[in-house]
Participant: 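Have a look at the structure that comes next, please.
Lettering follows sequence order; numbering is per chain, from 1. A quick note: this is a predicted structure, and the numbers were derived from the prediction, not measured. Hydrogens, waters and symmetry mates play no part in the numbers below; they use all other heavy atoms, side chains included.
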Amino acid sequence: MTGAAISGDSPRKAILFERTRKSGTAKSMATERYNAREAEARWQKVWDENQVFVTRNDDPQPKYYVLEMFPYPSGRIHMGHVRNYTMGDVVARYKRARGFNVLHPMGWDAFGMPAENAAMQNKVHPKDWTYENIATMRGQLKIMGLSLDWSREFATCDPEYYAQQQRLFLDFLEAGLVDRRKSKVNWDPVDMTVLANEQVIDGRGWRSGAVVEQRELTQWFLRITDYAEELLEAIDTLDRWPDKVRLMQRNWIGRSEGLRVTFEFVTPAPSGETTLEIFTTRPDTLYGASFMGLSPDHPISQALAEKDPELAAFIEECHHLGTSEEAIEKAEKRGFDTGLKVKHPLDETVELPVYVANFILMGYGTGAIFACPAHDQRDLDFARKYGLPVKPVVLPKDADPATFEIGDEAYTGDGTIFNSDFMDGMSVPDAKEAIAKRLESQTVGNNPQGVREINFRLRDWGISRQRYWGCPIPVIHCETCGTLPVPKDSLPVKLPDDINFDKPGNPLDRHPTWKHVACPKCGKDATRETDTMDTFVDSSWYFARFTDPRNSEPTDKEAADAWLPVDQYIGGIEHAILHLLYSRFFARAMKKTGHLGVTEPFKGLFTQGMVTHETYKGADGAWISPAEVRLEERDGKRHAVLEIDGSAVTIGPIEKMSKSKKNTVDPTDIIETYGADTARWFMLSDSPPERDVEWTEDGVQGAWRFVQRVWRMTGEIAEKMPVAITKLADFGDTAMEIRRATHKTLKAVSDDIEKLAFNRAVARLYELVNTLTKAQQRQDVPVDMAYAIREGAEYLVRMMAPMTPHLAESCWEALGGEGLLSTSGWPEVDESLLVEDTITLPVQVNGKKRADVTVSREASKEEIEAATLSLDAVSRLLDGKPPRKVIVVPARIVNVVI
RNA sequence: GCGGACGUGGUGGAAUUGGUAUACACAGCAGACUUAAAAUCUGCCGCCGAUAAGGCAUACGGGUUCAAGUCCCGUCGUCCGCACCA
């Protein structure tokens, strides 16, 4: 490494240059600085040459599959990747040391829009852009020293991968898991493309600025709703998933039990209907019904709008409302009185007006409701606005039926039914049952008026994307024979390379030849499906592909069943719902089609927090990156100035690292400056892994100092206690204490890693280093202590190996350890060292700690009590009187109550 | 609006799940070494109090318990998710 390369732009690098240069002049190994750059490259080469991390499927040891969510090849890795992959690597290395055959693969989630955006902006082919990014990022991951089996690497845009995905699609099609139907999309008329919700900003396309239209397109769907019940129930079995994620999935699937009720129109609707079907989860409140609500997209609303321009205008307005729940809940509830009326199913004399209302979704239930304002907030808001009656029918406990009234808040709690004829006095669940029975026995026409129904909010998964850079849907459209699957022996349907993005629209659709193909059935001219698949499809089965990535079938079922489920999956919380739910669905679909034997893909799930950083703004309000800022401390306050001219910089809030706020730190810079182990160590320190971690320069330097400290201490121990000393029969108290500290640390660190509590493991390792440093600094070290210190150092290094693998190998080498640490086992705890002859218990008097009492390990409660009462501090407070009570919690605490 | 999570020193956090609150680290202060700085090492570091004794402290107010950061009720605040879920 030359000076020019490291003395570059930042002062931090200049400091390192100093450090590096000094290390060359140091004399003994004990004072020489650890040269991370040299050591890390060296160990990575050794691991690579010895194929240490290549996993064999026929290895007889018990399996352990650890997987981190694979990255999108955006161009460069970011700190979030560093955190994610460090955690996974710790688990992988730890489990390997514990004797497991570990599968720890890496690949690329390589299809998707950014490649097409780059193609449009920079005239670069999506394929070239993607594979170049992959090459860059692979190099970046490699310098992190991850114990990955690179021989299993693939990208989802490899034809070998998406060919198998097309096979899966065809198998799903045969198995009845695929549908083709019309669905609404956001259409950008200028870019001639479908927009994702996030690409629609204020009703306009993000790129073109054109007003977005709602368009109906025929799209492909995977029938995930077939599995709604099962996906919901099986959440209970995922006991190694965070509760938060399980709850989010439950809410997303959204099962609700209710009643479908048929209401009769007083006079038929203009479109001819004589009845209106609604779905309700609160049939118990039917006597509180005040009006009916129709979705603007309901067929009756649409039919009425054709003859009523005012209603048409209202519906049009509803379509401009945002579609997010949050936006609409906060929006004003509005409606349009159709003039139609329906009869109350339980009292023919009551007629209810029918409104088209902006808060009713066509996609849920029947797209129509009955409204009970007293017990639903939205209905209440609506009723108050349009002056509709509010009649309470559920009486809260202890409320007086004569005076109970609804104000501005609907009552949605439990209670007793009243004002409800035959249901009066019933509980809410009993009333639901009673009314279901009643309406089931009543008929409208020849059908029961009420039918019990279970509804899900989960919708089928639309996978059609009108884009180039995705997996082609292997289907052919023939005018004569209809829609046909591509014969399996002619797979894959490969993406053509000769495309351009000069014109708007899907390049596949306007390609001169690609879509033209002979019908596989009749042989006449036909066309290929030009839609490609949602990229969530790609990531819904990659974990299975890793188990045998070069197989000519989607999976080798035996290999997949042996490896799956993934024992520990680690990734961001942002995938809590879609990716994880789709993958769970895919596992079931693959099981049905014979590609897998397991139903749940991920046994253990861990969602890590984000990496955050302070934000900085210059005088002109523009964001400034941390690399351009120098931090100073004046008058006890932190100040920031611009590096180049010293001008003042405002320190802003700590936020998730993002390009838009420029508060990112490049992992490659950090690794070049401090080494991968320092970056890894810092990522594991301090913050619990599920929480956000703030990246700070001080923190990194602290980690760097620790790396140096461990190196220095190990070197000194290696020098002073060079040879392995034969184990002694007897140890003095001091040596015993060191040994106890070592073995206690080992036990604790093992437990912590098992629980992914890396920050706690780090704290324990700090403690052990503190203990060992103090011990080895003594002038003359007796032989029993020398043994204890060496043992401590060796154990320390081996415990650190999963976290800082290069440093650990270097220290192991310095200590004269045999072989590679990366292939060594985990050290053994000497349990006998964990039990001590005497224990010291805290003594409380009336719940406040006043003293300690030291007793023998076998002491009985009575003995402990006696020892406690004879303590000066206790007897003084007792003042000769007997205690009211003495509570002895074995191995915990003594509490004397006076 | 609905649903969820969280609240501990100047800062990140720990607390064996009801049993010594503040481990460990960062920052800060003082000292040693040095011509000096960096690095390194030693000590201090929740608040009040005098350096003591002692008291008070886990957002706030109650409660349960021999014992509460941990459990229960209420209040306040922060963060996250959301597809109008009838």
Side-chain angles (χ1 to χ4, degrees), chain A residues 15 18-19 22 31 33 197 242-245 247-248 250-256 258 278-283 285 293 295 321-331 333 357-361 363-372 375-379 381 412 455-459 573-574 576-577 633 636 638 682 685-688 691-694 696-703 705-706 708-709 712 748 751 757 759-760 762-767 769-770 773 777 840-852 883-887 889 891-898:
Chain A
I15 289 166
E18 281 301 308
R19 288 171 184 160
K22 270 200 174 161
T31 52
R33 283 197 193 285
N197 280 328
D243 288 341
K244 183 190 166 116
V245 175
L247 183 74
M248 282 165 93
R250 274 192 199 103
N251 290 342
W252 192 262
I253 294 168
R255 181 182 193 275
S256 53
I278 62 99
F279 174 73
T280 179
T281 55
R282 292 298 303 273
T285 63
S295 161
L321 242 182
T323 50
S324 83
E325 184 172 346
E326 191 191 0
I328 291 155
E329 285 277 4
K330 285 177 182 164
K333 305 287 172 283
N358 65 352
F359 62 95
I360 299 159
L361 270 185
Y364 188 81
T366 61
I369 61 158
F370 88 82
C372 175
H375 305 293
D376 183 288
Q377 191 60 46
R378 286 155 308 180
D379 296 353
D381 293 345
T412 54
N455 256 291
F456 294 92
R457 70 195 293 232
L458 181 69
R459 303 202 283 250
I573 187 78
E574 66 273 21
I577 299 172
E633 182 132 347
R638 294 176 71 240
F682 177 61
S685 311
D686 289 354
S687 290
R691 268 194 239 174
D692 290 354
V693 62
E694 190 199 347
T696 62
E697 194 62 31
D698 283 338
V700 185
Q701 291 193 359
R705 280 197 300 268
F706 179 72
Q708 294 298 335
R709 218 177 128 200
R712 207 180 317 120
D751 288 350
N759 57 319
R760 295 199 306 199
V762 164
R764 276 164 181 147
L765 291 168
Y766 266 110
E767 279 176 314
V769 171
N770 289 343
T773 306
Q777 277 167 349
T840 300
L841 295 174
V843 173
Q844 293 181 335
V845 176
N846 288 345
K848 256 185 205 298
K849 199 214 163 186
R850 296 295 179 182
D852 289 301
R884 278 210 287 155
K885 203 172 175 187
V886 179
I887 294 141
V889 185
R892 276 284 145 76
I893 204 163
V894 183
N895 192 9
V896 181
V897 186
I898 295 176

Participant: Mapping R459(A) and S256(A) to their closest nucleotides on RNA chain B, which lands nearer the 5' end?
Facilitator: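 With R459(A) and S256(A) compared, the 5'-side residue is R459(A).
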Participant: Would one find a side-chain N or O of R705(A) under 4.0 angstrom from OP1 or OP2 of C26(B)?
Facilitator: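 Answer yes for this pair, as a side-chain N or O of R705(A) is under 4.0 Å from OP1 or OP2.
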Participant: Take atom C1' in U51(B) and the same atom in C66(B), then report the distance between them in whole Å.
Facilitator: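 After rounding to an integer number of Å, I get 35 Å for this pair.
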Participant: So what does D379(A) hit on the nucleic acid, given a heavy-atom distance under 4.0 Å: a base, only sugar-phosphate, or nothing?
Facilitator: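 No contact at all - D379(A) keeps every heavy atom at 4.0 Å or more from the nucleic acid.
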Participant: Check every atom of U40(B), A23(B), U17(B) against the side chain of A763(A) and return the nucleotide holding the closest atom.
Facilitator: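 Given the options U40(B), A23(B), U17(B), the side chain of A763(A) is closest to A23(B).
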Participant: Remember a base hit wins even if backbone is also touched, and classify I360(A) as base, sugar-phosphate or nothing at under 4.0 Å, heavy atoms.
Facilitator: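 Base, at least one base heavy atom under 4.0 Å.
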Participant: Under a 3.5 Å distance rule, please check whether R457(A) uses its side chain to pair with a backbone N or O of N251(A) as donor and acceptor.
Facilitator: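 Flag set: sc R457(A) to bb N251(A) pair under 3.5 Å.
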Participant: I'd like the P distance from U70(B) over to G62(B), given in whole Å.
Facilitator: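 Pairwise P distance, G62(B) against U70(B), rounds to 14 Å.
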Participant: Spell out yes or no: do the side chain of N895(A) and the base of C66(B) have one donor N/O and one acceptor N/O closer than 3.5 Å?
Facilitator: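 Pair found.
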Participant: Which dot-bracket string fits RNA chain B when only Watson-Crick or G-U wobble pairs with both atom distances under 3.5 Å count, crossing pairs get [ ], and | stands for a partner on a different strand?
Facilitator: (((((((..(((......[....))).(((((.......))))).(((.....)))..(((((..]....))))))))))))....
Participant: Can you tell me the distance, in whole Å, between the CG atom of D692(A) and the P atom of C80(B)?
Facilitator: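 About 9 Å, once rounded to whole Å.
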Participant: With respect to the side chain of I893(A), which nucleotide from U20(B), U42(B), G12(B) is positioned closest?
Facilitator: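 It is U20(B).
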Participant: Are a donor atom and an acceptor atom from the side chains of N770(A) and R709(A) found within less than 3.5 Å of each other?
Facilitator: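 On atom types as modelled, these side chains qualify, holding a pair under 3.5 Å.
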Participant: How do M248(A) and P842(A) order along RNA chain B: which one's closest nucleotide is nearer the 5' end?
Facilitator: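 Its nearest nucleotide lies further toward 5', so the answer is P842(A).
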Participant: What nucleic acid atoms does V897(A) come within less than 4.0 Å of, heavy atoms only: base, sugar-phosphate, or nothing?
Facilitator: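 Sugar-phosphate contact only - V897(A) comes under 4.0 Å of backbone atoms but never of a base.
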Participant: Return the value, rounded to whole Å, for the distance between atom CZ of R764(A) and atom P of A14(B).
Facilitator: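 Going from R764(A) (CZ) to A14(B) (P), I get 11 Å.
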Participant: In whole Å, what is the span from the NZ atom of K848(A) to the C1' atom of G54(B)?
Facilitator: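 Going from K848(A) (NZ) to G54(B) (C1'), I get 10 Å.
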Participant: Less than 4.5 Å apart, side chain to side chain, heavy atoms only: is that true for F706(A) and S685(A)?
Facilitator: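 Contact flag for F706(A)/S685(A) side chains = no.
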Participant: When the C1' atoms of C71(B) and G19(B) are considered, how many whole Å apart are they?
Facilitator: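 Each nucleotide's C1' atom is 14 Å from the other's.
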Participant: So V245(A) and I573(A), do their side chains get closer than 4.5 Å, heavy atoms only?
Facilitator: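 They are in side-chain contact.
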Participant: Could you check whether T280(A) gets within reach of a base, just the sugar-phosphate, or nothing at all, counting any heavy atom under 4.0 Å?
Facilitator: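 The residue T280(A) makes sugar-phosphate contact but no base contact.
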Participant: List the steps and the verdict of side-chain contact (heavy atoms from CB on, under 4.5 Å) for V897(A) and I887(A).
Facilitator: CA-CA 8 Å; V897(A) 186; I887(A) 294 141; 4.2 Å; yes
Participant: For the P atoms, the ones on U11(B) and on G46(B), what distance do you get once it is rounded to whole angstrom?
Facilitator: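 Here U11(B) and G46(B) have their P atoms 13 Å from each other.
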Participant: Tell me: CZ of R850(A) to P of G54(B), nearest whole Å?
Facilitator: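 These atoms are roughly 8 Å apart.
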Participant: Please give, in whole Å, the distance from A27(B) P to D686(A) CG?
Facilitator: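 Whole-Å distance recorded here is 11 Å.
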Participant: OP1 or OP2 of A25(B) less than 4.0 angstrom from a side-chain nitrogen or oxygen of N770(A), does that happen here?
Facilitator: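 Yes.
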Participant: Enter the distance from Y766(A):OH to T773(A):OG1 here, rounded to the nearest 0.5 Å.
Facilitator: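 If I round to the nearest 0.5 Å, the distance is 12.0 Å.
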Participant: Take the protein atom CD of Q377(A) and the nucleotide atom P of A86(B), then report the distance between them rounded to whole Å.
Facilitator: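 Distance, rounded to whole Å: 14 Å.
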Participant: When you check the phosphate oxygens OP1 and OP2 of G13(B), does a side-chain N or O of R691(A) lie under 4.0 Å from one of them?
Facilitator: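 For G13(B), OP1 or OP2 has a side-chain N or O of R691(A) closer than 4.0 Å.
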Participant: For T281(A) and G258(A), indicate whether the former's side chain and the latter's backbone hold a donor-acceptor pair under 3.5 Å.
Facilitator: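 No; judged by distance alone, with no hydrogens or angles, the pair does not exist.
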Participant: What integer number of Å spans the P atoms of G10(B) and A5(B)?
Facilitator: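 Approximately 28 Å lies between the P atom of G10(B) and that of A5(B).
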Participant: When the distance from CD of Q844(A) to C1' of A68(B) is rounded to whole Å, what number comes out?
Facilitator: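 Whole-Å distance recorded here is 11 Å.
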Participant: Taking the P atom of each, how far is G43(B) from C6(B), in whole Å?
Facilitator: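 My reading of the P atoms in G43(B) and C6(B) gives 38 Å.
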Participant: Determine the Euclidean distance between corresponding C1' atoms of G3(B) and G13(B); express it in Å to zero decimal places.
Facilitator: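 Pairwise C1' distance, G13(B) against G3(B), rounds to 28 Å.
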Participant: Within the 4.0 Å heavy-atom criterion, would you say R282(A) contacts the bases, only the backbone, or no part of the nucleic acid?
Facilitator: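 Sugar-phosphate: the residue R282(A), judged by heavy atoms under 4.0 Å, touches backbone atoms but no base.
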Participant: What is the distance, rounded to the nearest whole Å, between atom NZ of K849(A) and atom C1' of A67(B)?
Facilitator: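 Whole-Å distance recorded here is 15 Å.
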Participant: From the set C41(B), C66(B), G13(B), return the single nucleotide nearest to any side-chain atom of R712(A).
Facilitator: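 Comparing C41(B), C66(B), G13(B) against the side chain of R712(A), the answer is C41(B).
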Participant: Under 4.0 Å, heavy atoms only, any strand: does N759(A) hit a base, just the sugar-phosphate, or nothing?
Facilitator: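 Touches sugar-phosphate only.
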Participant: What interatomic distance, in whole Å, is found between P of A30(B) and the corresponding atom of A67(B)?
Facilitator: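 Approximately 45 Å lies between the P atom of A67(B) and that of A30(B).
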